[in-house]
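Working notes, structure below.
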Amino acid sequence: IFQYRAAIFNPMLNVFSPEENSIISSQTILVIGKTDPNSTVFINNETAFLDKDGNFRKTVNVFPGKAKITIKAVNNFNKTTILERHVEIK
């Protein structure tokens, strides 16, 4: 049943940090979230490590000004979910 579901539906993707439109005073941002355990997560096109429950965290380097962080989950059937977070770095 799980494989059937994965073939039809895009993977679940939750991003807990950073929040949309956050103002950050650091040159690094810790991206934290959760997806389906059998998915692959990319943050700004770099692979993020998933634990057995689908939790991920990755530090991203940013420059002062406005930045867009793209988080993408792809399952075994190439179904994709993409979320973006827009942040401002002070």
Side-chain angles (χ1 to χ4, degrees):
I1 289 180
F2 176 76
Q3 291 244 336
Y4 178 75
R5 180 186 166 322
I8 295 175
F9 298 107
N10 292 354
M12 170 272 298
L13 178 60
N14 292 314
V15 177
F16 308 123
S17 176
E19 293 184 12
E20 180 67 6
N21 297 317
S22 295
I23 297 175
I24 299 179
S25 59
S26 172
Q27 300 260 321
T28 59
I29 297 174
L30 182 59
V31 179
I32 302 171
K34 183 171 183 157
T35 189
D36 295 332
N38 293 319
S39 295
T40 302
V41 170
F42 300 93
I43 300 173
N44 289 350
N45 294 319
E46 292 185 15
T47 307
F49 172 77
L50 295 181
D51 70 14
K52 64 179 177 54
D53 298 319
N55 297 297
F56 60 88
R57 57 177 45 228
K58 183 169 184 65
T59 301
V60 177
N61 294 317
V62 290
F63 298 100
K66 297 192 182 289
K68 178 176 77 171
I69 300 169
T70 304
I71 305 100
K72 176 170 68 171
V74 182
N75 72 12
N76 296 338
F77 294 91
N78 261 350
K79 297 289 185 180
T80 302
T81 301
I82 298 174
L83 293 178
E84 292 180 344
R85 289 291 186 265
H86 299 87
V87 296
E88 186 172 346
I89 294 83
K90 296 282 186 184

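All residue numbers refer to positions in the sequence shown, counting from 1.
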Taking R85 for the side chain and V31 for the main chain, is one N or O donor matched with an acceptor at less than 3.5 Å? no

Are M12 and V74 connected, step by step, through hydrophobic side chains (Ile, Leu, Val, Met, Phe, Trp, Tyr) whose heavy atoms are closer than 4.5 Å? no

Taking the side chain as every heavy atom from C-beta outward, state whether K79 and P11 have any atom pair closer than 4.5 Å. yes

Is L30 close to R57 at the side-chain level, that is, under 4.5 Å between some pair of heavy atoms? yes

Are I71 and I89 linked, directly or through intermediate hydrophobic residues, by side-chain heavy-atom contacts shorter than 4.5 Å (ILVMFWY only)? yes

Donor-acceptor check, side chain of N44 to backbone of T70, threshold 3.5 angstrom: yes or no? yes

Between T40, L13, I32, D51, which is the residue that forms a side chain to side chain contact (heavy atoms under 4.5 Å, CB included) with F56? L13

Rounded at 0.5 Å granularity, tell me how far CD1 in I69 sits from NZ in K58. 12.0 Å

State, with a plain yes or no, whether a side-chain heavy atom of F16 is found less than 4.5 Å away from one of K34. yes

Taking every heavy atom of A73 against every heavy atom of T35, the minimum-distance pair comes out as CB-OG1, 3.5 Å

For H86, is there any backbone N or O sitting under 3.5 Å from a side-chain donor or acceptor partner on E20? yes

Check whether any side-chain N or O of N75 sits under 3.5 Å from a backbone N or O of F77 as a donor-acceptor pair, and report yes or no. yes

Does T80 offer a backbone N or O that forms a donor-acceptor pair with the side chain of N10 under 3.5 Å? yes

Quick check against the 3.5 Å criterion: does D53 have a side-chain atom that pairs as donor or acceptor with the backbone of N55? no

I24 vs V62, side-chain contact (heavy atoms from CB on, under 4.5 Å): CA-CA, chis, key distance, verdict: CA-CA 10 Å; I24 299 179; V62 290; 5.8 Å; no

Would you find a donor on one side and an acceptor on the other, under 3.5 Å apart, between the side chain of T47 and the backbone of F42? no

